[in-house]
Amino acid sequence: DLVMPGMLHGRILRSPHPHARIIGIDTSAATQLPGVRSVITAGDTPKVPFCHMPITPNKLPLCDDRVRFVGDEVAAVAAVDPESAEEALELIRVDYEPLPAVFDPHQAMEPEAPALYDDCPDNIASRFVRSFGAPEQAMAAADHVFEDEFCLPRVASCTLEPHGCIAAWEPNDRLTIYSSTQSIFNIQQGLAVALQMPLHLIRVISPHVGGAFGNKSVLLPLEPITAILARKTGRPVKVVYTRGEEFTSARTRYGMHIKLRTGVSKEGKLLARQARVITDNGAYNNKAPGITAVTCSRIGNLYRVPNSSTEALVVYTNNQYGGALRGWGGPQAHFAIESQMDIIAHQLGMDPVELRLKNANQEGDVTPWGWRITSCGLSQCIRQAAASRTRRPSKSTRRARGWGMAAGVHIGGGAMGAHGSSNFEEVLLKVNPDGSAVLIVGVVDMGQGSHTVLAQIAAQELSLPVDRVKVTTPPSDQAPRTMGPWGSRVTFVAGKAVMEAARSARSQILALARNHLDVEPESELQLRGGRVTAPRSPGFSVEVADLLERAYAAGGDLVSASAMYNPSTTTAPDKATGYGNPSPAYSFGVQAAEVEVDLDTGQVTVLKVVAVHDVGLAINPLLVEGQVEGGVAMGQGYCLFEDLRLREGFTHNSSFAGYKIINSSEAPVVNCQLVETDDPEGPFGAKGVGEMALIPTAPAIANAIFNATGARIKELPITAERLLAELQKQEVSHS
């Protein structure tokens with residue numbers, strides 16, 4: 001909704017082919033269209049690929065010689081209005097030579113499959129193996145071995161505000177980007193690479209963001225394209241994705257295939273777990289290696305599994321390429337793990353609750369992967385969720401009700417990746433002459449409520465009402481450095497930095513009281529309710545505002561503080577082995593779902609979800625509840641509806657008319673229960689919950705469906721068609 005004087009409107013021409021060589025591009029007709037101010041192709045760019053992970057970057061802002069998925073960026077225009085820009089796209093003539101394409105990651109690894117890159121003939125973009133303990137020997141000694149395969153779909157982020165940005169240049173070659181992003185510094189750094197510019201000449205501003213979910217955490221071709229259009233025209237340019245582009249050209253959750261093999265004792269103790277994970281990377285590198293590593297780590301760390309191994313393959317295909325989306329590989333992993341836990345319990349004749357309790361991690365554990373569990377309410381979460389178990393009769397003989405549960409683990413305070421990146425947060429705090437405070441942070445609040453929580457932490461330490469603390473995120477050239485709001489890290493890491501800065505400011509205020517007021521040297525001073533008091537001198541009390549006025553008048557003393565927090569308890573996972581403690585804390589959660597299934601139509605209704613989450617300490621219980629309710633809604637959509645249907649590279653449901661997400665009438669009753677374990681490192685004992693809220697939902701619903709019908713669906717989404725097909729198989733086998 002932002003408008004700048006003289007602003008032009010940009011649009012992007014995209015490839016209609018999943019794989020093709022660009023023979024030539026003719027922009028002459030588009031350039032001559034009235035209202036068009038610029039048309040650009042790859043020749044107008046530095047032709048430098050950009051990437052956000054320690055993997056070979058291979059995505060250009062505009063394609064040079066080849067396109068690799070339907071929606072790949074080929075050219076862009078800037079015009080006086082959106083209609084002229086759209087018309088200009090139709091006048092650009094691109095001569096393509098179609099090339100063979102591959103869309104299934106398994107087929108892409110076959111010897112005869114077409115290669116997307118000349119230097120990668122097997123289409124395997126990344127491969128790694130992890131092994132802890134002696135999984136082969138433990139598997140051989142197990143009383144029971146379970147093997148299952150699970151297929152997880154590619155899904156869209158569905159942020160209600162699409163991706164968009166405005167680029168404007170100043171006469172001194174300084175670039176300002178207004179971007180709907182959750183990470184101003186990631187955009188700044190990505191632009192510096194893509195445009196081959198010094199970092200200090202790029203300023204990124206994030207206005208209010210209408211949803212992000214991780215999908216807006218890194219640079220898209222959108223930002224460098226818009227910047228180049230603005231430079232060529234000498235005027236501000238705005239480019240905003242259409243809803244169709246959101247579905248076909250923005251980043252998605254990665255589709256995965258997980259083969260899970262678990263060895264169990266006859267008593268139900270997990271002895272060994274092996275997994276093979278194949279991730280559909282899509283056409284270009286982005287977040288897949290890191291996200292796949294997260295998927296693998298959950299396989300060995302949710303429960304006490306003394307022996308585990310994983311093999312992971314990230315594979316190029318001519319599909320739309322993926323990126324970050326809430327949970328970072330956790331939703332895929334947990335659907336496989338928690339579905340199989342119920343399979344194990346059923347085959348062993350055990351209560352699935354008992355099986356989970358028998359293998360649950362406990363506070364003080366160090367997992368074989370090196371995770372240090374500082375606080376853990378997993379067992380309590382399991383017990384509280386199990387208390388909701390019912391088997392109420394359905395209203396119809398053709399309707400069946402069932403109950404199921406699933407657990408989850410996620411980093412509760414950000415993480416250090418295998419590439420050794422830090423997990424830091426810097427904040428600035430200034431106390432105004434009237435006693436109010438301004439907290440300056442680099443973290444973008446994209447709707448998760450982080451600014452409210454950070455204000456609460458500062459207010460608590462400064463003994464101020466929370467409305468007397470203003471939190472602001474300035475442009476990137478003024479903001480304190482941050483890793484960004486990802487990995488459920490803001491409350492933990494930024495909260496600790498705010499706490500340290502506020503405590504420093506508090507000490508400064510008390511020091512001012514000693515320096516500028518008649519206070520006995522040995523008096524113990526306290527800051528409460530905006531006043532400095534001395535408990536042993538009942539008559540002594542002064543408003544902080546009055547104290548600051550006196551201090552400023554006497555010598556201009558200022559009360560301000562900066563702090564940077566970088567957890568000292570973490571160690572980056574070893575690049576070769578994967579061993580390490582990536583996060584300062586781990587969040588746990590358990591959700592129990594009650595469903596009703598129409599046996600004639602396959603329609604699943606989720607009646608109720610009991611969501612029990614270990615959050616350390618809930619600084620703002622209402623915001624935690626909001627996170628949990630939103631997470632359950634996304635998890636329900638992931639389980640039952642959402643699937644970007646790509647056929648031969650083309651997306652067949654590129655609008656909300658065809659891509660189903662949950663609506664308010666379908667949302668179940670959510671009973672949110674908080675388990676407060678008081679993490680020793682977190683601010684006031686808190687840990688993150690934003691991503692954990694989503695992770696157990698899909699397997700809990702799937703387990704409830706099995707409980708109701710006996711149908712075990714191992715591929716998401718569990719559509720009515722898939723469920724009916726499985727029910728019909730059961731009828732045939734029983735007849």
Rounded to the nearest 0.5 Å, how far does CZ of Phe492 lie from CG of Asp679? 5.0 Å
Close side-chain approach of Ser587 to Val615, heavy-atom, < 4.5 Å: no
So does Lys259 have more than 12 non-hydrogen atoms from other groups sitting under 6.0 Å from NZ? no
How long is the straight-line distance from CD1 of Ile291 back to CG of Leu325, given to the nearest 0.5 Å? 8.0 Å
Within the side chain of Glu715, is there an N or O that forms a donor-acceptor pair under 3.5 Å with the backbone of Ile713? no
Arg326 charged N/C atom sitting above Phe213 aromatic ring, 6.0 Å / 45°: no
Within the 3.5 Å criterion, strictly below it, is a donor on Glu425 or Thr482 matched to an acceptor on the partner's side chain? yes
Determine whether Arg298 and His410 make a side-chain contact, defined as any pair of heavy atoms from C-beta on separated by less than 4.5 Å. yes
Quick check for you: to the nearest 0.5 Å, what is the distance between Thr571 atom OG1 and Arg372 atom CZ? 7.5 Å
OG1/Thr719 to CG/Asp643 distance, rounded to the nearest 0.5 angstrom? 8.5 Å
Checking Tyr586 against Asn581: is there a side-chain donor and acceptor pair closer than 3.5 Å? yes
Nearest non-hydrogen partners of Leu348 and Ser265, listed with the distance: CD1-O, 4.3 Å
Main chain of Ile258, side chain of Gln332: is a donor-acceptor contact present, judged purely on distance under 3.5 Å? no
Assess whether side-chain contact (heavy atoms from CB on, under 4.5 Å) is satisfied between Leu378 and Val590, documenting all intermediate values. CA-CA 7 Å; Leu378 179 56; Val590 177; 3.9 Å; yes
Is there a side-chain contact between Phe132 and Ser308 in this structure, where contact means two heavy atoms from C-beta onward sitting under 4.5 Å apart? yes
Not counting sequence neighbours, which residues clear side chain to side chain donor-acceptor pair (under 3.5 Å) with Asp122? List them please. none
Pairing residues for Asn301 by the side chain to side chain donor-acceptor pair (under 3.5 Å) criterion, not counting sequence neighbours: Thr367
Derivation of the side-chain contact (heavy atoms from CB on, under 4.5 Å) call for Met692 and Ser488: CA-CA 8 Å; Met692 186 64 246; Ser488 303; 5.8 Å; no
Is it the case that the side chain of Lys287 and the backbone of Val218 share a donor-acceptor pair, with hydrogens and angles ignored and the cut-off at 3.5 Å? no
When rounded to the nearest 0.5 angstrom, what distance separates CE in Met483 from CZ in Phe185? 11.5 Å
Interatomic spacing from CD in Gln730 to OG1 in Thr709 - rounded to 0.5 Å: 6.0 Å
For Leu727 and Ala711, work out which heavy atoms get closest and say how close. CD2-CB, 4.1 Å
What residue among Glu149, Glu147, Glu311 forms salt bridge (charged side-chain N to carboxylate O under 4.0 Å, His left out) with Arg261? Glu147
Trace of the side chain to side chain donor-acceptor pair (under 3.5 Å) decision for Thr697 with Gln591: CA-CA 6 Å; Thr697 310; Gln591 293 180 5; 2.6 Å; yes
Please evaluate residues Gln340 and Thr262 with respect to the criterion side chain to side chain donor-acceptor pair (under 3.5 Å), reporting the C-alpha separation (whole Å), side-chain torsions for both, the decisive distance (0.1 Å), and the verdict. CA-CA 9 Å; Gln340 194 183 64; Thr262 302; 2.5 Å; yes
Please evaluate residues Tyr321 and Asn285 with respect to the criterion side chain to side chain donor-acceptor pair (under 3.5 Å), reporting the C-alpha separation (whole Å), side-chain torsions for both, the decisive distance (0.1 Å), and the verdict. CA-CA 7 Å; Tyr321 63 111; Asn285 291 328; over 6 Å; no
Please give me the minimum heavy-atom distance between Asp342 and Pro352, naming the atom from each residue. OD1-CB, 3.5 Å
Okay, side chain of Thr295, backbone of Gly329: is any donor-acceptor separation there less than 3.5 Å? yes
Under a 4.5 Å cut-off applied to non-hydrogen side-chain atoms, are Cys296 and Arg130 in contact? no
Step by step, would you call Asp351 with Arg356 a salt bridge (Lys or Arg N to Asp or Glu O under 4.0 Å)? CA-CA 9 Å; Asp351 184 340; Arg356 289 176 170 86; over 6 Å; no
Any donor-acceptor pair under 3.5 Å from Asn703 side chain to Ala406 backbone: no
Would you say Arg489 and Asn423 are linked by a side-chain donor-acceptor pair, where the criterion is simply a distance under 3.5 Å? yes
Is any side-chain heavy atom of His334 closer than 4.5 Å to one of Val409? yes
Any heavy-atom pair between the side chains of Leu640 and Pro717 that's under 4.5 Å? no
Quick check against the 3.5 Å criterion: does Asn281 have a side-chain atom that pairs as donor or acceptor with the backbone of Tyr284? yes
Sequence-distant partners of Glu363, side chain to side chain donor-acceptor pair (under 3.5 Å), two or more places apart: none
Give the minimum heavy-atom separation between Ala618 and Pro621, together with the two atoms involved. O-CD, 3.8 Å
Hey, is the main chain of Leu271 close enough, under 3.5 Å, to the side chain of Asn307 for a donor-acceptor pair? yes
Is the backbone of Asn286 close enough, under 3.5 Å, to the side chain of Lys59 for a donor and an acceptor to pair up by distance? no
Pro105 to Val315 - nearest heavy-atom pair and separation: O-CG1, 3.5 Å
What pair of heavy atoms forms the shortest contact from Cys639 to Leu716, and how long is it? O-CD2, 3.6 Å
Surrounding NZ of Lys358 (heavy atoms of other residues, nucleotides or ligands, distance under 6.0 Å), is the total greater than 12? yes
Heavy-atom side-chain contact between Tyr638 and Pro331 under 4.5 Å: yes
So, does Thr252 use its side chain to make a donor-acceptor pair with the main chain of Tyr254 at under 3.5 Å? no
Should His257 and Asp280 be marked as a side-chain contact (heavy atoms from CB on, under 4.5 Å) after you check the CA-CA gap, both sets of side-chain angles, and the distance that decides it? CA-CA 8 Å; His257 183 273; Asp280 184 351; over 6 Å; no
Could you give me the CA-CA distance, side-chain angles and deciding distance for Asp614 and Gln380, then say whether side-chain contact (heavy atoms from CB on, under 4.5 Å) is met? CA-CA 9 Å; Asp614 165 17; Gln380 185 177 345; over 6 Å; no
With a 3.5 Å distance limit and no angle check, can you tell me whether Asn361 reaches the backbone of Leu302 through a side-chain donor-acceptor pair? yes
Under 4.5 Å between any side-chain heavy atoms of Ser217 and Gln182, yes or no? yes
